[in-house]
Each structure stands twice: as C-alpha cells, then as structure tokens.
Number of protein chains: 2
Amino acid sequence: MSASATRGQIVSVADRLFYEQGYEATSFADIAAEAGLSRGNFYYHFKAKDAILEAVIAARMADTRTMLESWEDGASDPLERIRSFAHIVIRNQAKIMAHGCPVGTLCNELAKLEHGAKGDAAGVFVLFRDWLAEQFAALGRERDAEALALHVLMRSQGIATLATALGDEDFVRREVRAIDQWLEDQLPAVTRPLQE
Amino acid sequence: MSASATRGQIVSVADRLFYEQGYEATSFADIAAEAGLSRGNFYYHFKAKDAILEAVIAARMADTRTMLESWEDGASDPLERIRSFAHIVIRNQAKIMAHGCPVGTLCNELAKLEHGAKGDAAGVFVLFRDWLAEQFAALGRERDAEALALHVLMRSQGIATLATALGDEDFVRREVRAIDQWLEDQLPAVTRPLQE
DNA sequence: GTACTATTAGGACATTTGACCTAAATTTCT
DNA sequence: AGAAATTTAGGTCAAATGTCCTAATAGTAC
C-alpha cells in the first residue's frame with residue numbers, strides 16, 4: 001500500500017474511533033489494530049497522538065466543505081439549504097444517539113483536556129456558521145445573519161446532546177420540525193405567500 | 001476525620017475534577033492528591049473508579065434536587081422558576097465556557113465509553129425535565145408540558161456546547177434573552193396583558 | 001487500666017496499559 | 001542489483017489501577 005493510502009486509512013479509522021470512543025479513550029493500538037497495521041508502522045506516519053488529531057480535524061474540515069458544497073449544488077433555495085443542515089440530526093440519528101455530534105463532543109473533550117487543538121476542532125463550527133450565515137443573508141437577513149446561523153447551530157447541538165442522553169426519537173423529530181417552523185417564521189414577509 | 005467526612009471530601013473533589021478534566025482523564029492519584037489522601041487510604045473508601053462515579057452522580061442528583069427546591073422557595077411564579085433555570089448558563093458562564101455543562105458533557109463521555117452509568121448520569125436531565133414540565137403544567141400547558149420542558153433543556157445544552165467551543169459571551173446573552181422571549185410567547189393569551 | 005476489636009490511615013508492590021522509540025525486514029522504484 | 005521508502009516486530013518508560021500489608025487510633029468489654 002502506498003504511503004498516502006496508509007496514512008489516509010489511519011486518519012479514516014482514527015476519525016471514526018475518536019468519534020465513537022473519544023480521543024483520550026482511543027489508543028495507538030486501537031487504531032493500528034482496526035487499520036490492520038503494526039504499531040511501529042503507525043509511528044512511521046504519525047509521531048505523536050496530537051499529529052493524528054490534527055490530521056483528523058483537517059479531514060473533517062475538508063469533508064464538511066464538501067458536504068456544504070453538495071448542499072449548494074442540491075438546492076438553489078437558501079431556505080432549503082438550511083433545512084439540509086437542520087435535518088442532519090435525523091439522517092444521522094442512530095449515530096448521534098450512540099455517540100453525539102462529532103464536532104460538539106470533540107470540542108467538549110478537548111476543552112476539558114485543555115488541548116491546544118480545541119480551536120481547530122471548533123473550526124468546523126465556524127465553517128457551518130459562516131455557511132449558514134450566507135444562506136440567511138441570501139434570504140434578506142444580512143443584518144443578523146450570523147446570530148441566526150448560531151441559533152440554528154445551537155439548536156442542533158442541543159438536540160444532539162439530549163438525544164444522546166435520553167435516546168428519545170420523538171423528541172428529535174419534534175425539535176427538527178420546530179426548527180423548520182422557526183425558519184419559516186424568520187422569512188421576511190415579502191417572500192412569504194400573500195395570505196399570511 | 002470521620003469516615004463519612006472523608007468520603008464526602010473524596011466525592012466533592014472527584015465531582016469537580018470529573019467536571020473540569022473529564023472522567024477518563026481524572027486518575028485516582030489526581031483525586032487523592034487534591035483531597036490530601038494516600039492512594040491506599042483511598043481504596044479503603046472506594047474499591048473502583050466506577051464506585052466514585054456512582055457516588056458523584058448521586059451527589060449531583062441530590063444537589064440538583066436542592067437547587068430545584070431553592071428555586072421553588074425563591075419564586076412562586078412558575079415562569080420565574082423556569083427563568084431561574086434558563087439563566088444558569090449566564091450565572092455559570094465562566095465555568096461553562098471552560099468545561100461545558102456538567103451533565104451534558106458527562107453523558108456524552110459516558111456514552112462514548114459505553115459506561116453503564118450513562119443512564120444514571122442522564123437522571124439529572126430527567127430531574128430537570130420533570131421539574132420544568134411541572135412549571136409549564138402550572139402555566140396551563142399540561143398537554144405539552146414535557147415537550148416544552150425538553151425544549152428549554154435542549155436550548156440550554158446547545159448554548160453550553162457552543163459557548164465552550166466558540167467562547168462567545170454575546171451569543172450566550174442573546175440566546176438566553178431569546179429563551180425569555182420564547183417563554184413569554186408560550187403563555188396562554190389569557191395570562192398575558194390585554195394589549196397583546 | 002488492660003486487652004481486644006474495629007476503623008481509619010498510609011504506603012509498598014504487582015500488573016496492566018499506552019505513548020513513544022529502534023532496528024531489522026520487506027517492498028518499491030530505478 | 002542497490003537505494004529509498006515502507007512496514008514489522010520487538011522493547012522502553014511512565015502512569016494508572018488494583019492488592020496487600022502495617023501502623024495508628026478509637027471504641028468496648030472486663
């Protein structure tokens with residue numbers, strides 16, 4: 001296997017294990033075993049655990065950018081794009097109930113570890129925030145676009161945390177519907193049907 | 001020192017360290033050092049780390065009950081009581097920005113560790129949920145009291161997570177105001193001033 | 001008071017685990 | 001073939017968990 005392929009394999013496995021088990025609880029041996037590599041080979045590619053974390057975060061940033069682009073391609077309507085984001089918690093419901101939101105839980109863990117990469121991990125949130133803000137701006141809410149974006153992010157994080165803690169599927173569906181409703185209420189009147 | 005006092009001291013220190021550093025990242029030695037005990041003595045009181053976790057969760061349940069009672073004593077108006085809850089994130093802003101919500105982050109960590117105590121930890125959420133639902137019921141929303149309670153919990157969790165990740169104080173204040181506004185909008189019209 | 005017993009405290013190991021390192025073997029490329 | 005890149009199989013070292021043993025203290029029976 002080529003070096004970059006092996007490296008990619010390590011990052012991919014580490015990404016999943018960091019999400020499923022947490023960063024601290026995942027050892028070199030865990031990743032090496034799942035990737036089918038020796039521990040030494042592992043060290044050939046990454047000198048320290050911090051380095052894998054950085055690579056995983058970089059991969060998540062790239063994946064997020066790709067996802068946002070796909071949503072832009074999939075819908076020209078900004079409202080529809082925002083809904084694409086809001087509905088992640090339903091599409092990934094099973095995983096979220098088992099392990100929470102990948103971004104939120106990693107940020108929380110790194111905060112407790114006082115790990116320098118916390119800011120990098122939060123970069124994924126910034127990516128979502130700015131993208132959401134763009135969509136709100138396109139809907140005519142330039143003034144408070146960022147606040148609205150953070151509000152949507154906040155709700156998705158709250159849903160994820162309670163979904164993990166309580167495992168209530170009805171709650172998740174209900175709250176996503178509530179986001180949809182809230183979104184409609186945010187539209188300037190001129191863009192809504194006349195009868196409202 | 002008496003046995004129960006020593007035990008209480010251990011639980012108190014463990015409670016704080018589990019919050020600040022996380023459960024996994026906190027070792028017996030950490031707790032013993034901060035509590036001023038030897039490791040051997042420590043084992044006299046708690047045979048395993050799980051046992052300390054259980055005691056910490058039990059203590060948090062008790063503390064939460066006490067806090068809820070104090071809010072009941074402090075305000076006869078259910079709306080005011082709910083506000084007491086919603087404003088925790090402002091009162092504890094500094095701690096939340098550093099270490100997140102104690103309940104949410106513990107549940108997330110235990111979920112990833114597949115630790116059996118996750119359900120116990122989530123019990124604190126259930127405590128808050130039921131108490132909030134009681135307040136909403138007292139406001140005339142018996143039908144959807146639990147859904148409203150979970151909505152408030154959800155928002156406080158989302159605020160905590162983003163506060164930790166992004167460290168934005170304005171965001172926290174804005175979203176707490178938004179909860180206050182939302183709360184007022186939930187009141188049946190009859191209980192609101194006539195001009196609305 | 002003395003002997004006995006239970007509780008509390010302290011610390012010395014033994015075992016395990018995980019991060020990190022090295023040198024030899026193997027593969028790949030030229 | 002020979003150099004370079006890659007992989008493997010070990011091993012080291014520190015930290016964490018968990019066990020065991022000893023000593024001090026306090027209470028109790030006589």
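Just so we're on the same page: letters track the sequence lines, and every chain starts at 1. What you see is a predicted model; the values in this text were computed from it and never measured.
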Participant: May I ask you to evaluate whether A/Tyr44 reaches the phosphate of D/dT6, defined as a side-chain N or O under 4.0 Å from OP1 or OP2?
Facilitator: yes
Participant: Which pairs count as ring-ring contact (aromatic ring centres under 6.0 Å, His included) when at least one residue sits in residues 14-34 of chain B, sequence neighbours excluded?
Facilitator: B/Phe18-B/Tyr23, B/Tyr19-B/His99, B/Tyr23-B/His115, B/Phe28-B/Phe42, B/Phe28-B/Tyr43
Participant: Does a side-chain N or O from A/Asn41 land closer than 4.0 Å to OP1 or OP2 of D/dT6, or not?
Facilitator: no
Participant: Identify the heavy atoms of A/Val103 and A/Ala121 that sit nearest to each other, and give their distance.
Facilitator: CG1-O, 3.9 Å
Participant: How many Å lie between CZ on B/Phe28 and P on C/dT16, as a whole number?
Facilitator: 17 Å
Participant: Base, sugar-phosphate, or nothing: which does B/Tyr43 touch, judged by heavy atoms less than 4.0 Å apart?
Facilitator: base
Participant: Distance check needed: C/dT22 P versus A/Phe42 CZ, whole Å only.
Facilitator: 18 Å
Participant: Tell me whether the OP1 or OP2 atom of C/dT7 has a side-chain N or O from B/His45 closer than 4.0 Å.
Facilitator: no
Participant: What is the distance, rounded to the nearest whole Å, between atom CZ of B/Phe46 and atom C1' of D/dT17?
Facilitator: 16 Å
Participant: Can you tell me the distance, in whole Å, between the CD1 atom of B/Ile52 and the C1' atom of D/dT17?
Facilitator: 11 Å
Participant: Looking at B/Gln186, is its backbone amide N or carbonyl O close enough to the side chain of B/Arg141 to form a donor-acceptor pair, meaning the two atoms are under 3.5 Å apart?
Facilitator: yes
Participant: I need the CG-C1' distance between A/Leu37 and D/dG10, as an integer number of Å.
Facilitator: 16 Å
Participant: I want to verify a distance call: between D/dT17, C/dC20, D/dT8, whose nearest atom is closest to the A/Arg39 side chain?
Facilitator: C/dC20
Participant: Tell me the interatomic distance from A/Gln9, atom CD, to D/dT6, atom P, rounded to whole angstroms.
Facilitator: 16 Å
Participant: Nearest whole Å is fine: how far is D/dA16 C1' from B/Lys49 NZ?
Facilitator: 9 Å
Participant: Rounded to whole Å, how long is the line connecting atom CD1 of A/Ile10 with atom P of D/dT8?
Facilitator: 10 Å
Participant: Look at the side chain of B/Glu109 and the backbone N and O of B/Glu24, then say whether any donor-acceptor pair between them is shorter than 3.5 Å.
Facilitator: yes
Participant: Please determine whether a side-chain nitrogen or oxygen atom of A/Thr6 lies at a distance below 4.0 Å from atom OP1 or OP2 of D/dT7.
Facilitator: yes
Participant: Indicate yes or no: does A/Arg155 engage B/Glu175 in a salt bridge with an N to O separation below 4.0 Å.
Facilitator: no
